[in-house]
Student: 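I am attaching a structure below and will ask some questions about it afterwards.
Atoms within each ligand, like the ligands themselves, are counted from 1 in listed order. Note that this is a predicted model, so its numbers are computed, not measured.
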Amino acid sequence: MPRNNDTTLRWSDVTPRPLWLNRRQLVTGAAALAATATVALPASARIEATASRYSTDAEPNSLSDITAYNNFYEFGTGKEDPARYASGLTIDPWSVVVDGLVEKPGTYDLADLVKDQPLEERIYRFRCVEAWSMVIPWIGFELAGLLNRVGVQSGAKFVAFETLVRPEEMPGQSSRFIEWPYREGLRLDEAMHPLTIMATGLYGEPMPNQNGAPMRLVVPWKYGFKSIKSIVRISLVAEMPPTTWNMLQPSEYGFYANVNPTVDHPRWSQASERRVGSGLFAGREDTLMFNGYEAEVASLYAGQDLAVDY
Ligand code: MTE
């Protein structure tokens, strides 16, 4: 569950990992919120990231869990394919097209697009639609900050995202079962919610390629497929945009894809989940409504039937 401004130590304050050294002093309360860790973007600028009240207290998965068990179909459909093949992806230079109903459209160099965004560490629960889960210490900034910078026009109701198409570096793109690019979308109020981040790193380091370098979306109350990786286009649009899994299997994957233990996938239950790395004999955990972020996001869906808008 999200943390409040509490005074207790968190796992990362006491974890003997050199990356956390900048804030391993015994920080409490407001001091914890102000504590900083130095991280680097691929563009090589050293940046400060602050801890966040939105982080969960749960202990994160190991770096090897997070970087060895992935879904990134541009590199193949196996869980190990991204770790095997993504190192061949060129992530610098990287540019992002911002277009549609926006005041300052353009093709932005990534470093320019993110340069004034305050980086935070957000330790988030992550729940895949396949019923496995992890806890991941992302480094990122609120998508709202980026959208405010480029200026959202009043007619915009949704944000659409696209991943890079580069078959020569993304061997999975030789298969056509997905109509590339991988696409995702959010309603504008979901995109502006403070829990919604653009992540540029994890575990205090630049984003590993297999996790969506150099920049990917993270929406912690939705199934993981919404958290699109290696983004090259952000479009502000008036209509609900097409999204990859909904295009492939509309009866199985909706646009909203909010984590919901009461709405099963047609082929399996969503009531519980397997925590990756929890050991062969560990029990399954109950899946939480909105993945544990109900207090923060339920109001976004007031009046909607989430069994219909799944
Ligand atoms: N983004 C792109 N471009 N391609 C993908 O195949 N897979 C999604 C999502 N983002 C995917 C993607 C799915 S199904 C999940 S569960 C998460 O990425 C996995 O993120 P992780 O590998 O960092 O855990």
Student: List every atom of ligand 1 that sits less than 4.0 Å from any heavy atom of R216, numbering the atoms from 1 in the order shown and giving each element.
Tutor: 17 (C), 18 (O), 20 (O), 23 (O)

Student: Where is the nearest protein heavy atom to atom 6 (O) of ligand 1: which residue, which atom, and how far?
Tutor: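 Ranked first by proximity to atom 6 (O) of ligand 1 is Y73 N, 2.7 Å.
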
Student: Between Y253 and F225, is the ring centroid distance below 6.0 Å?
Tutor: yes

Student: Measure from atom 7 (N) of ligand 1 to every heavy atom in I136, N71, N61 and give the option owning the shortest one.
Tutor: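 Going through I136, N71, N61 one by one, N71 has the nearest heavy atom to atom 7 (N) of ligand 1.
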
Student: Heavy atoms only, cut-off 4.0 Å: how does N70 contact ligand 1, side chain, backbone, both, or neither?
Tutor: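 Looking at N70 and ligand 1, atoms from backbone and side chain both fall under 4.0 Å.
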
Student: Under 4.0 Å, heavy atoms only, figure out whether ligand 1 is touched by the backbone of E74, its side chain, both or neither.
Tutor: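 Looking at E74 and ligand 1, just side chain atoms fall under 4.0 Å.
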
Student: Would a distance-only check, ignoring hydrogens and angles, find a side-chain to backbone donor-acceptor pair under 3.5 Å from S55 to I123?
Tutor: yes

Student: With respect to E130, which candidate in K79, R267, R274 satisfies the salt bridge (Lys or Arg N to Asp or Glu O under 4.0 Å) definition?
Tutor: K79

Student: Out of curiosity, is F126 lining ligand 1, as in a heavy atom under 4.0 Å away?
Tutor: yes

Student: Pull out every atom of ligand 1 sitting under 4.0 Å from any heavy atom of I228, numbered as shown with elements.
Tutor: 1 (N), 10 (N)

Student: Any donor-acceptor pair under 3.5 Å linking the side chain of E121 with the backbone of P137?
Tutor: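 No; zero donor-acceptor contacts below 3.5 Å.
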
Student: Which is closest to atom 15 (C) of ligand 1 by heavy-atom distance: G172, G224, C128, S133?
Tutor: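 Nearest heavy atom to atom 15 (C) of ligand 1 lies in G224.
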
Student: What protein heavy atom sits nearest atom 1 (N) of ligand 1, and how far off is it?
Tutor: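 That would be K229 N, 3.1 Å.
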
Student: Quick one: sort the F75 and F72 rings into parallel, tilted or perpendicular, breaks at 30° and 60°.
Tutor: perpendicular

Student: Evaluating non-hydrogen atoms only, which member of W245, F161, Y182, F72 is closest to atom 12 (C) of ligand 1?
Tutor: Y182

Student: Check for me, please, whether V276 and W268 land in the same ILVMFWY cluster - side-chain distances under 4.5 Å, paths through other members count.
Tutor: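 Yes, same cluster.
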
Student: Report yes or no: does a heavy atom of S227 sit under 4.0 Å from some atom of ligand 1?
Tutor: yes

Student: Report the relative orientation of the aromatic rings in Y301 and F290; use parallel for angles under 30°, tilted for 30 to 60°, perpendicular for over 60°.
Tutor: parallel

Student: Examine K226 relative to F255 and say whether NZ or CZ is less than 6.0 Å from the centre of the six-membered ring and inside a 45° cone about the ring axis.
Tutor: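 Yes, a cation-pi geometry.
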
